[in-house]
Amino acid sequence: MTGQLALKFPLTSDATFGNYIGHAASKIRTIKTLAYLWGPTQSGRSHLLQALCHEANDNKRSAIYLESLWEYEAELFNGLESMSVIAVDDIDTVIGASDWELALFHLINAVSDKQGLLVVSAKVPANQLAVDLNDLRSRLSSAVAVHTDWLSDQEKLQALQKRAKFRGFTLDDDVGHFLLDRVPRNMGSLMEVLGRIELETLNQQRKATIPLVKRMLGL
Amino acid sequence: MSSSVWQECLRSLESELSARQFNTCIKPLQVVSDSKLVKLLAPNKYIKDQINDQFLSRIKELIAAGGDKEVLLEVGSTQYISQEQNNAFVERESFYPLLDLNKEFTFDSFVEGRSNQIARAAAVQVAENIGGASYNPLLLYGGVGLGKTHLMHAVGNSILERNPHLNVAYMYSQRFMEDMVRAIEHGTMADFTQYYRSVDVLLMDDIQFLAKGMKSQEEFFHVFNRLQEGGRQVILTCDRYPKEIEGLEVRLESRFVWGMTATLEPPDLETRVAILRKKADSEATEVPHEVAFFIAERIRSNVRELEGALKRVIANARFTGREISLEQVRESLRDLIAIQDRQVGIENIQKTVADYYKIRVSDLHSKKRSVSVARPRQMAMALSKELTSHSLPEIGDSFSGKDHTTVLHAVRRIEELREAKPDIDQDYNNLLRILTG
């Protein structure tokens, strides 16, 4: 049987507040200036930042989401204050590099002058970041801090089901529990597997079932 | 170009590029078009260059497939276009200070204490006597988050209130440098220079960053001289005394300090409490005294972090619908307090004080009564009271079982000496800065 060609469409495009489970979403939406979002890897920081940008775009406001900063030069930050919303993921990956620290410091000042919204994210609280530039450290420490949520397995299941529904397929409880028992239970891994299930169901034109998932995962 | 053509273009690019490339370079693009031209506006030059190098030919292909032909990529934002009501949008190249004074930064909203009263008095003096020789320039310096920018804006706001016709320009040094580079690139250096030399009051924040550019230093030197010659007021802030700025030209160093220099020190406990209560008032939020005291005892290094902590407490209270209380504050600031408590302990204070006075830690624990040992011991006890949450008996115990009345005596003695002897006051402030910096 020839499988239907599934379009590649990154999961991140539907990272919205609507399909985020937890309190951090409501907190971050109330912030108007500078926010510092922190939490461990795969705890939903990227999701929240992207959701912030999607919401801004929906409201006809310009927004930019930046990740993998190490792939770029610090000039990436120059002049970004012209955007209404700036979301910068994983700033801890460039903290310690003087050009990046200085660029971030100036971006914070410039955004503050323009009364824009800047949200930066990192794995640890601001006061545990090894920032060399004192001016930057104090600005990050004064930002409104938001901690990502620690989800229970039940909440993770809800998050998966919400996301699946948004993508147009159903993830039954038994399949969800099966995933939680068999794959790493951080949201990043779970979402990655969910993306593969979506492609598989589209290719196979079948429902998401335990046998399908087992086959897909080679279990 | 219809918006559907651009949406189609976005869909194709999203499927072809990595999420990182798409999010960083493509998604933030803003589009303006007319019947002949599609203009893509990138947020900055760096992103524009990335697009030029990697994605522009593909974008052009996709747009051409939708029926449009000419594509132009520029730095800009539709916000500026609507402001100018001009379709012939040009790359933003204005070097005129677009920075507004923060209206909330006034003398009234500035909490005065022993740590900043001279700086405040000097700032008021300048606001009332613009361009007076003995206060020109006014240099406000001190660690981060102690209120330098607040005072600077307060001067600007006060001057404008009295003299609305004056041209008061607020700028930070990095922006001065960026604008200058842009002016050089666009051949508008003469306008740039002319602008700065024509202001009545120049407020330049964070001058330590000027040290990074020789050309900027030279230009600022000339601007500075011209303003001084014309009796215009210059106010500068810096995070350290200019002599300590590596890379700053000697001629600028000397000019920066030839008027009035005033330092801002970390605020003492009473001032920190007053700052929190004032900030809470401005947020129309009730913060009980014991809560303000609790926060002020733990966040000691600077005002910005103090206010940041209060913002977190207020945000948390609003979000959870709980009243602000000690328990709620402990929960909101859990991570912050854990770090602070770990960083400043009595042992750390003893070691720092012993190093500072070049004696041994064991001397602090001894019963020696010579001034060379007793004074540092009293200093360490006073700092332990100021910087930790330990009770007086606990502090006494940490000094080899001294009585709590000894600690109390030490604290009072240091207070008296700080009033009477500037060198003791300076030692105290230096140690405070070392321990909380």
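Source: prediction; values computed, not measured. Residue numbers begin at 1 in each chain, while the letters A, B, ... track the order of the sequences. No hydrogens, no waters, no symmetry mates; every other heavy atom, side chains included, goes into these values.
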When rounded to the nearest 0.5 angstrom, what is the spacing between NE2 in A:H106 and OG in B:S173?
6.5 Å
Less than 4.5 Å apart, side chain to side chain, heavy atoms only: is that true for B:T24 and A:L76?
yes
Heavy-atom neighbours of B:E104 CD exceed 12 at 6.0 Å:
no
Determine, stepwise, if the pair A:L66 / B:N23 fulfils side chain to side chain contact (heavy atoms under 4.5 Å, CB included).
CA-CA 7 Å; A:L66 299 173; B:N23 285 325; over 6 Å; no
Rounded to the nearest 0.5 Å, what separation is found between the CD atom of A:E71 and the CD atom of B:Q50?
10.0 Å
Taken to the nearest 0.5 Å, the spacing of B:R240 CZ from A:N134 CG works out to 8.5 Å
So, the part of B:N102 with a heavy atom under 4.5 Å from chain A: the answer is neither
Taking every non-hydrogen pair under 4.5 Å, which of B:I47, B:V144, B:D49 racks up the most with chain A?
B:V144
Rounded distance (nearest 0.5 Å) linking atom CG of A:D89 with atom CZ of B:R20
13.0 Å
Centre-to-centre under 6.0 Å for A:F105 and B:F209, is that the case here?
yes
Can you tell me which portion of A:N57 sits under 4.5 Å from chain B's heavy atoms? Options are side chain, backbone, both or neither.
side chain
Check whether any side-chain N or O of B:Y46 sits under 3.5 Å from a backbone N or O of A:E73 as a donor-acceptor pair, and report yes or no.
yes
Do A:D135 and B:D239 pass the side chain to side chain contact (heavy atoms under 4.5 Å, CB included) test, and can you show the C-alpha distance, the side-chain angles, and the key distance before you say yes or no?
CA-CA 8 Å; A:D135 302 80; B:D239 69 351; 3.7 Å; yes
Show your working on side chain to side chain contact (heavy atoms under 4.5 Å, CB included) between A:T30 and B:R318 and close with a plain yes or no.
CA-CA 10 Å; A:T30 62; B:R318 283 187 185 148; over 6 Å; no
For A:Y36 and B:R312, test the side chains for any donor-to-acceptor distance below 3.5 angstrom and give the result as yes or no.
no
Quick one: pull up CD in B:E307 and OG in A:S142 and give me the separation to the nearest 0.5 Å.
8.5 Å
Segment of A:L102 engaging chain B (4.5 angstrom heavy-atom cut-off):
side chain
If I compare all heavy atoms of B:G145 with all of A:S138, which pair ends up nearest, and what's the gap?
N-OG, 4.5 Å
Testing the basics here: between B:P43 and A:M83, what is the closest heavy-atom pair and its distance to 0.1 Å?
CB-SD, 3.7 Å
Would the number of heavy atoms belonging to other residues, nucleotides or ligands and lying under 6.0 Å from CD of A:E75 be above 12?
yes
Max heavy-atom pairs within cutoff under 4.5 Å with chain A, candidates B:G308, B:P28, B:G143, goes to B:P28
For A:R137 and B:R304, what are the C-alpha separation, side-chain angles and deciding distance, and is it a side chain to side chain contact (heavy atoms under 4.5 Å, CB included)?
CA-CA 10 Å; A:R137 188 185 312 131; B:R304 191 175 294 130; over 6 Å; no
Just verifying a value: how many Å separate B:E305 CD and A:R139 CZ, rounded to the nearest 0.5 Å?
11.5 Å
Does the B:N44 side chain pair with the main chain of A:G79, one donor and one acceptor, at a distance under 3.5 Å?
no
Is it the backbone or the side chain of A:A63 that comes under 4.5 Å from a heavy atom of chain B, or both, or neither?
backbone
Are A:Y65 and B:K27 close enough that some pair of their side-chain heavy atoms sits under 4.5 Å apart?
no
